Amino acid sequence: MTTASKYASIAEDVLKGVGGKENVRSLTHCATRLRFVLVDPAKADKAAVESTRGVITVVEAGGQFQVVIGNTVDRVYAEALAQGVEGGGTSSSGGLLARTIDLVTSIFTPFLWVLAGVGLLKAFLAVAVKISPDFGTTSTYAIWFTAADATFQFLPILLAVTAAKRFRANQFTAIAVAGSLVYSATIAVMPGPDGTTLTLQAFDQGGGKLTFLGIPVVMVTYLSAVIPTILAVYFQSHVERLVERVTPDVVRNFVTPLVTIAVVVPVTFLAIGPASTWIGDGLASGVDHLWGLAPWAAGGVLGGLWQVFVLFGVHWAFVPIIAQQLATTGHSELTAALFAPVLAQAAATFAVFLRTRDRDLKLVAGPAAVSAFLAGITEPAIYGVTLRLKRPFVFACVGGAVGGAVAAAGGSAVEGFVLPGAITLTAALGVGNFALQLIGCAIAMAIAFALTMVLGFKDLPTAGGTATGTPDAAVEKAAVEDVVATLQIPVAGKVVPLDEVPDQVFASGAMGSGLAVVPSEGKVYAPVSGTLVSAMPHAFGIRSDAGVEVLVHIGLNTVELQGRGFTPAVTQGQRVNAGDLLTDVDLQVVKDAGYNPITVLIVTDPGSHTSVVPTATGDVQARHAALDLIG
């Protein structure tokens, strides 16, 4: 299955809405949103972007025009780059806070999911050792722990790559600089007092005196170092530009990295490292001090406001503090207070899913609740559900405040970088009172769920939405409303509702409304007249003369057949009439290869029409009426 054309269309429409690619100074993305820094924000049409199919909402905060997409944001981002937008980059727009957030997101986002993945692996290992302490002494545990912990220990290498891109420095030189920092704690180079060879860090800790050209070196630990690495690469970017300006072209390629590394590494050891480590330790100590004074109050404030921070995108400013806490103490109290607000948002969203009568809202609320509960990704829940209804968002914040206070009161802390969610709760097993952490999360979820269910919310109107109820009810609805267009069945067979398709993307309605057919023959026809915007052997996108976009997708995951068993009769860009042959499919080849041949007909963009109503049921012939477009 492929939906590349969908993401390209979303990217194209979003770029038009922000004033065109020439109005984009820089573009980055985080876990769920595109983050534009615009040349002229006044040229952006927020309403147009929000109305784009595939866009959940738009937030203007921190000097950025943020377009919330969801879990497929990376694909839309890739399509935007393919259309000529410059990714990454540095922007000086906005105030200090805006620039700080922009800096943090651009540096951490590219490997955020790697951190989350290995953090989850460490959490699973912690559970395994609690269940079976002997497992912690095995080589199997050691290998898995090595795989999980290496990313955190050698974090400067990852930071060097992304920081170099951000500061427009040479990435390989940045890796050499970061490698030198890590080298100081891992490779033995100095003779020790007993004749053994020690690392620079071990030599310093053993009482040796480190100097560089006679200047004393204050050695700090550079494993997992965040702020020193970022500042070192920033300094590198300026040194490189200076060296390149004064170096002849004939020797520039090797002289620039030679001089840069020879200057940046010693300066980092002498000044940047000690100073930035002092700053980072101060931030982490400040958080620890706040927790020490009144942990329940600190946890309550953070728990109550965390989703507000997410709402405006400023939660990224906490990432360096969390990373510094982990590097300094090996655990993070700040992260531990975030499970409650995240799970509270999931609970409020699930309550909306149970209570709302709006089918489209249910389609959003269900997956959003699961994403928030399991993975800790709450943007789809916030922008797609609770914030739209207002009261559930407030209820979730109340639950998060109470739950965060309870969890923090027990001294809970997380060992490792994790995205707070149900499956990463085990990361808090080793520090503080884990029982109070669980109680705090349970209280947060109970408050958010109960308040949403009991006090309720003003539901979205169902009129004008996708028809709900049985197929017969849909047909009756279509009969009394203004049917302005009808799409045809693309292939003979048995009609099944879209939500019964064994593929979550189609079944959830995320790509659009429609139906599916279990084919009884292999000839597939155009359901509507229009232009083929995409024509792959297994999938055809048609844009009708009225601006309606339709997708006919033959089989599930049949893209992997690479055209085998398909004989297309049309090509991209060609005009077709309703009923024209699109392709001839050898269904037996598809089945023998282990693929489901079910054919999906969906309206990916209904244009100006208000709803899409399935009208076909049971066994049908090709070219039979399939979908009515209303309004």
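For clarity, every value in this text was computed on a predicted model and none was experimentally measured. These values consider heavy atoms only, across backbone and side chains, with no hydrogens, waters or symmetry-generated copies.
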### Query
Is T137 reaching over with its side chain to a backbone N or O of P133, donor-acceptor style, under 3.5 angstrom?
no

### Query
With a 3.5 Å cut-off and no angle check, do the side chains of E333 and S412 form a donor-acceptor pair?
no

### Atom of A396, atom of A348 and distance for their closest heavy-atom approach
CB-CB, 4.1 Å

### Message
Measuring from atom OG of S139 to atom CH2 of W144, what distance do you get when rounded to the nearest 0.5 angstrom?
### Response
11.0 Å

### Task
Spell out, as yes or no, whether a donor-acceptor pair under 3.5 Å connects the side chain of T335 to the backbone of S332.
no

### Task
Calculate, to the nearest 0.5 Å, the distance between atoms CD1 and CZ belonging to I230 and R166 respectively.
10.5 Å

### Task
Tell me, yes or no, whether the heavy-atom count around Y141 atom OH, taken from other residues, nucleotides or ligands under 6.0 Å, exceeds 12.
yes

### Task
In sequence, state the C-alpha distance, the side-chain angles, and the governing distance for L27 and R35, and then conclude on side-chain contact (heavy atoms from CB on, under 4.5 Å).
CA-CA 6 Å; L27 172 62; R35 294 170 173 269; 5.6 Å; no

#### Entry: Minimum heavy-atom distance between P341 and G303, given as atom pair plus value
CB-O, 3.2 Å

## Note on the structure
dist L389:CG -> F395:CZ (nearest 0.5 Å) comes out at 10.5 Å

### Message
With side-chain contact (heavy atoms from CB on, under 4.5 Å) as the criterion, how do V68 and V58 come out once you've worked through the C-alpha distance, each side chain's angles and the decisive distance to 0.1 Å?
### Response
CA-CA 6 Å; V68 182; V58 171; over 6 Å; no

### Straight-line distance of Q64 CD to T28 OG1, nearest 0.5 Å
6.0 Å

### Query
About how many Å separate CG of L181 and CZ of F154, when rounded to the nearest 0.5 Å?
12.5 Å

### Query
Just how far is it from atom CG of L455 to atom CZ of R391, taken to the nearest 0.5 Å?
5.5 Å

### Task
Answer yes or no: is there a side-chain heavy-atom contact under 4.5 Å between V342 and Q307?
yes

### Message
Quick check: closest heavy atoms across P392 and V352, and the distance to 0.1 Å?
### Response
CG-CG2, 3.9 Å

### Query
Side chains of L338 and L334: does their closest heavy-atom pair fall under 4.5 Å?
yes

#### Entry: L38 to F36 - nearest heavy-atom pair and separation
CD2-CB, 3.8 Å

### Task
Measure up the F449 and F350 rings against each other and bin them: parallel (under 30°), tilted (30 to 60°), perpendicular (over 60°).
parallel

### Close side-chain approach of P502 and L556, heavy atoms under 4.5 Å
yes

### Query
Do the non-hydrogen side-chain atoms of V600 and L498 ever get within less than 4.5 Å of each other?
yes

### Query
F65 versus V49: any side-chain heavy-atom pair under 4.5 Å?
yes

### Query
Is any side-chain heavy atom of Q201 closer than 4.5 Å to a side-chain heavy atom of T221?
yes

### Summary
On a heavy-atom basis, the closest approach of I272 and P228 is CG2-O, 3.9 Å

### Task
Please report the shortest heavy-atom distance between T229 and A178, naming the atom on each side.
CG2-CB, 4.4 Å

### Message
Let's go through V414 and F339 carefully: what are the C-alpha distance in whole Å and the side-chain angles of both, what is the deciding distance for side-chain contact (heavy atoms from CB on, under 4.5 Å) to 0.1 Å, and is it a yes or a no?
### Response
CA-CA 10 Å; V414 167; F339 288 95; 3.5 Å; yes

### Query
Do side-chain atoms of S132 reach the backbone of V129 as a donor and acceptor pair under 3.5 angstrom?
no

### Message
Quick check: do T140 and F135 have side-chain heavy atoms less than 4.5 Å from each other?
### Response
yes

### Message
V233 vs L159, test: side-chain contact (heavy atoms from CB on, under 4.5 Å). Steps then yes/no.
### Response
CA-CA 9 Å; V233 176; L159 288 170; over 6 Å; no

